[in-house]
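Reading through the structure tokens given below for one structure.
Since the model is a prediction, treat every value here as computed from it, not as a measurement.
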Amino acid sequence: MSISCILQKSAITSLHQLYGLEFSEKDFQINQTKPEFEGDYSIVLFSLVKQLKLSPEAIGQDLGTSLVKNHPELFVSFQLIKGFLNITISDAYWLELLTKQYNDICYGKQPMNDKKVMVEYSSPNTNKPLHLGHLRNNFLGWSVAEILKANGYEVFKSCIVNDRGIHICKSMIAWQRYADGATPASTHTKGDHFVGDYYVKFNDAYKAEVAGLVEKGMPEAEAEKNAPIMLHTQRMLLDWEAGKPEVMELWKKMNGWVYEGFDSTYKKIGSDFDKTYYESDTYLLGKDIVNEGLSKKIFYSKPDGSVWIDLTAEGLDEKLLLRKDGTSVYMTQDIGLAKQKYEQYKIDQSIYVIGDEQNHHMKVLKSIAQKLGLPYADDIYHLSYGMVELPTGKMKSREGTVVDADDLVSEMIATAREHTEALGKVKDLDEAALTLLYETIAIGAMKFYLLRVDPKKKMVFNPVESIDFHGFTGPFVQYTYVRIKSILRKQPMPETQPLEAALLPLEKDLLVQLEQFPAMIIQAGKELNPSVLANYVFHLAKTFNGFLAEHSIANAESLEKKQLRLWLAVMTGNVLQSGLQLMGIGVPERM
RNA sequence: GGUUCGGUAGCUCAGCUGGAUAGAGCAUCAGCCUUCUAAGCUGAGGGUCAUUGGUUCGAAUCCAAUCCGAAUCACCA
């Protein structure tokens with residue numbers, strides 16, 4: 001239990017002893033004491049005034065005295081300033097924390113809680129390469145999964161690959177028409193980019209055909225429907241659904257190229273999945289649920305045979321679930337897949353990491369599940385994140401302003417190399433170690449940059465700012481870790497002795513922050529928000545650097561101080577490493 | 001038009017379950033490398049927390065209205 005929780009519980013007990021009244025956590029707040037005042041944690045007294053009909057000063061005096069009397073080993077003194085009761089925690093408490101936890105790799109991790117969660121993220125289309133938006137999604141999903149693990153959940157990472165449909169046929173048609181047998185290997189192109197290029201070629205050809213038809217006097221809307229290449233593509237989709245061998249073969253071949261490309265990108269950015277679903281396997285799911293809904297009269301048929309649900313009472317609209325020809329739509333298969341996940345993995349919660357443009361869809365999905373009375377309906381959670389924009393505005397594929405994931409990774413690695421070479425601190429490392437180092441820095445910078453903001457909010461990706469390795473960045477935190485490692489390599493650990501000397505303010509600041517790490521993990525898990533950790537880890541690194549500028553470890557005033565500071569360094573290093581790890585960011589030993 | 005989300009320093013963002021003089025980073029300016037990695041540290045300037053009203057001992061935070069911006073409201077996925 002964190003010290004602020006202990007303080008709150010103790011205060012509740014003291015208030016009961018003093019005034020005979022029951023209070024709860026909601027009745028008063030505990031804050032960290034502002035640096036300009038003496039003390040570590042503050043109890044805000046105002047909210048108690050009304051209930052106790054006493055002045056804040058009187059309450060503070062009573063409460064402070066009682067706390068110190070009841071727990072002299074924890075609370076050594078108090079100061080009463082305006083309506084704030086500032087409590088000073090004993091050095092013994094902080095020293096004990098350090099002694100017990102300084103070298104515990106698992107510090108901050110919560111015990112297993114028997115709950116199972118699935119986190120679905122990434123969800124690529126197999127007709128184009130991954131871009132910046134996918135990166136935010138991947139980093140978020142992976143990090144949230146790790147954070148949940150640290151909170152004691154059993155977590156399954158899943159991915160649904162959008163590998164079928166009209167858009168996939170588009171690149172297939174274009175390849176048939178224009179590739180003349182070219183392959184990723186023959187053109188030395190990464191498979192997903194190769195296929196993506198044909199998707200672009202399709203759109204160019206389609207546009208040209210539409211323009212041609214319009215020129216001949218056809219209205220635009222009609223031209224869009226009747227362009228030969230589009231009709232051709234639609235025929236191919238029907239052939240695909242009928243399982244026509246040559247279409248299936250082409251489809252498998254081209255998707256294979258894409259997967260090869262995706263695999264190498266995923267490997268580079270450190271994304272992985274416990275289970276991959278393919279839409280080609282799941283797109284027929286959910287039809288049994290439609291029948292169930294019809295028999296329960298939750299769904300209804302229209303005269304043309306299509307099946308709908310009326311959600312107007314929920315403030316939503318009517319939603320189609322089965323077309324008149326009996327084929328299912330996006331929503332139908334999502335309902336089916338939700339059920340499959342629940343049944344296969346016995347999960348208690350299903351988290352979907354999907355952009356906020358699908359808020360409506362996910363709300364409808366959950367609402368349908370609830371209406372059907374499905375047992376897992378309430379456990380469907382949409383982790384909705386905002387779009388990534390550029391300083392010039394939104395990314396638009398039509399205008400070629402989409403930031404490609406692979407390009408970005410290569411640029412970041414190149415920048416990391418430049419920086420590192422310019423500083424010249426690791427000239428003695430061999431080529432393999434250097435390659436690893438550049439990747440660790442580059443990927444760390446990208447992940448930190450995309451995870452440091454609240455996922456719910458849309459964010460601006462500034463290419464210039466993103467390659468800055470100073471300040472509120474991943475490399476800054478990594479660098480702090482590297483400094484710690486460097487010190488620990490050079491300073492032998494003195495023989496352990498009990499710590500008793502009084503803590504200096506900067507030493508205590510560090511301990512106060514280290515003590516908050518478990519609470520941060522819990523908060524990040526509750527909010528499904530890695531930015532909590534990004535902020536925390538940055539502050540901790542900042543505090544450590546400040547501490548290091550002021551106090552020497554090698555030439556500490558005494559052997560005891562040296563041991564204390566080495567332990568502080570070890571623990572700070574561990575916490576930085578764990579915190580970064582929860583964001584998918586690795587730490588180098590040198591940089 | 002309906003629904004949802006957002007508006008905090010020049011820029012990017014914290015803070016939002018109400019609490020002390022609103023914080024970081026970048027950018028700008030001024031300092032700090034014969035001692036543990038300067039990808040660092042210290043300091044300065046920079047704010048009508050969109051606007052107005054309300055609730056409260058106390059509001060960036062809660063409520064209402066207004067203004068501005070975004071997403072969405074497909075027999076696409």
Side-chain angles (χ1 to χ4, degrees), chain A residues 25-26 28-29 31 33-34 36-37 42 44-47 49-50 56 81-84 86 123 125 160 162 164-168 279 283 304 306 308 315-317 319-325 327-331 333-334 355-361 363-364 384 386-387 389 391 394 416 419-420 422-423 425-426 441 445 449 452-454 456-462 464-466 468-480 482-491 531-532 534-535 538-539 541-542 544-556 565-566 569 590-591:
Chain A
E25 285 82 17
K26 278 170 247 150
F28 60 97
Q29 278 184 23
N31 296 336
T33 304
K34 302 256 169 196
E36 57 268 33
F37 303 106
S42 301
V44 184
L45 299 165
F46 297 102
S47 49
V49 168
K50 209 172 259 177
I81 298 164
K82 292 195 236 169
F84 298 88
N86 299 341
S123 314
N125 287 340
I160 169 86
N162 197 305
R164 64 161 286 280
I166 191 82
H167 54 297
I168 305 299
E279 207 192 299
Y283 81 110
D304 67 0
S306 56
W308 297 74
L316 301 163
D317 41 18
K319 184 75 197 172
L320 176 93
L321 290 159
L322 223 51
R323 295 189 186 98
K324 63 184 173 203
D325 61 6
T327 56
S328 56
V329 292
Y330 180 34
M331 185 60 74
Q333 52 175 295
D334 259 9
D356 61 8
E357 70 272 14
Q358 298 214 39
N359 285 353
H360 182 257
H361 172 82
K363 211 193 266 180
V364 172
S384 163
M387 208 172 282
E389 295 178 1
K394 282 181 201 158
H419 265 263
T420 306
L423 291 169
K425 296 178 183 176
V426 287
I441 295 171
Y449 189 87
R452 69 185 195 180
V453 285
D454 187 332
K456 289 190 289 294
K457 296 190 181 172
K458 69 177 185 206
M459 64 174 294
V460 174
F461 180 87
N462 185 330
V464 178
E465 205 180 278
S466 71
D468 190 354
F469 293 164
H470 303 268
F472 188 26
T473 67
F476 167 81
V477 183
Q478 289 172 325
Y479 174 70
T480 307
V482 164
R483 289 183 82 186
I484 289 171
K485 282 292 164 178
S486 171
I487 291 170
L488 294 177
R489 273 194 300 272
K490 288 179 184 166
Q491 298 304 324
S531 80
V532 169
N535 280 291
F538 170 69
H539 271 288
K542 190 100 185 120
F544 185 83
N545 284 322
F547 159 80
L548 206 56
E550 209 59 43
H551 301 298
S552 172
I553 293 180
N555 304 314
R565 289 178 194 167
L566 280 169
R590 293 177 53 197
M591 66 191 278

Whole-angstrom distance between [N] and [M], as gauged at atom [atom1]:
| N | M | atom1 | answer |
| --- | --- | --- | --- |
| rA50(B) | rU8(B) | C1' | 10 Å |
| rC26(B) | rC41(B) | P | 9 Å |
| rG53(B) | rG47(B) | C1' | 22 Å |

Only counting residues at least two apart or in another chain, list the ones meeting ring-ring contact (aromatic ring centres under 6.0 Å, His included) with H360(A).
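In terms of ring-ring contact (aromatic ring centres under 6.0 Å, His included), with neighbours along the sequence ignored, H360(A) is linked to no residue.
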How does protein reach along nucleotides 8-14 of chain B, written 5' to 3' as B (base within reach of a heavy atom under 4.0 Å), S (only sugar-phosphate), or - (no contact)?
----SSS
Heavy-atom protein contacts under 4.0 Å, nucleotides 31-38 of chain B, coded B base, S sugar-phosphate only, - none:
----BBBS
[X] side chain N/O closer than 4.0 Å to the phosphate oxygens (OP1, OP2) of [N]?
| X | N | result |
| --- | --- | --- |
| K542(A) | rG25(B) | yes |
| H360(A) | rU3(B) | no |
| Q29(A) | rU17(B) | no |

With a non-hydrogen cut-off below 4.0 angstrom, is K363(A) in contact with a base, only sugar-phosphate, or nothing?
sugar-phosphate
All N/O contacts under 3.5 Å from nucleotides 54-60 of chain B to the protein, with atom names and distances to one decimal?
none

Among all residues two or more places apart in sequence or in another chain, which pass the side-chain hydrogen bond (donor to acceptor under 3.5 Å, both in side chains) test with T473(A)?
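T473(A): no side-chain hydrogen bond (donor to acceptor under 3.5 Å, both in side chains) contacts found.
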Selection from rA20(B), rA24(B), rC75(B) that lies nearest to any side-chain heavy atom of K82(A)
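Selected nucleotide: rA20(B).
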Would you indicate which nucleotide in rC41(B), rA20(B), rC75(B) comes nearest to any side-chain atom of I81(A)?
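Looking only at side-chain atoms, I81(A) lies closest to rA20(B).
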Looking at N86(A) and rA20(B), is any side-chain donor or acceptor paired with a base atom of the opposite kind under 3.5 Å?
yes
Just need the stems in RNA chain B: three or more back-to-back Watson-Crick or G-U pairs, each with both distances under 3.5 angstrom, sorted by first number.
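The stems that RNA chain B takes part in, listed by first number, are B:1-7 with B:67-73, B:10-13 with B:23-26, B:28-32 with B:40-44, B:50-54 with B:62-66.
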For F538(A) and rA24(B), are the ring centres under 5.5 Å apart with planes inclined under 30°?
no
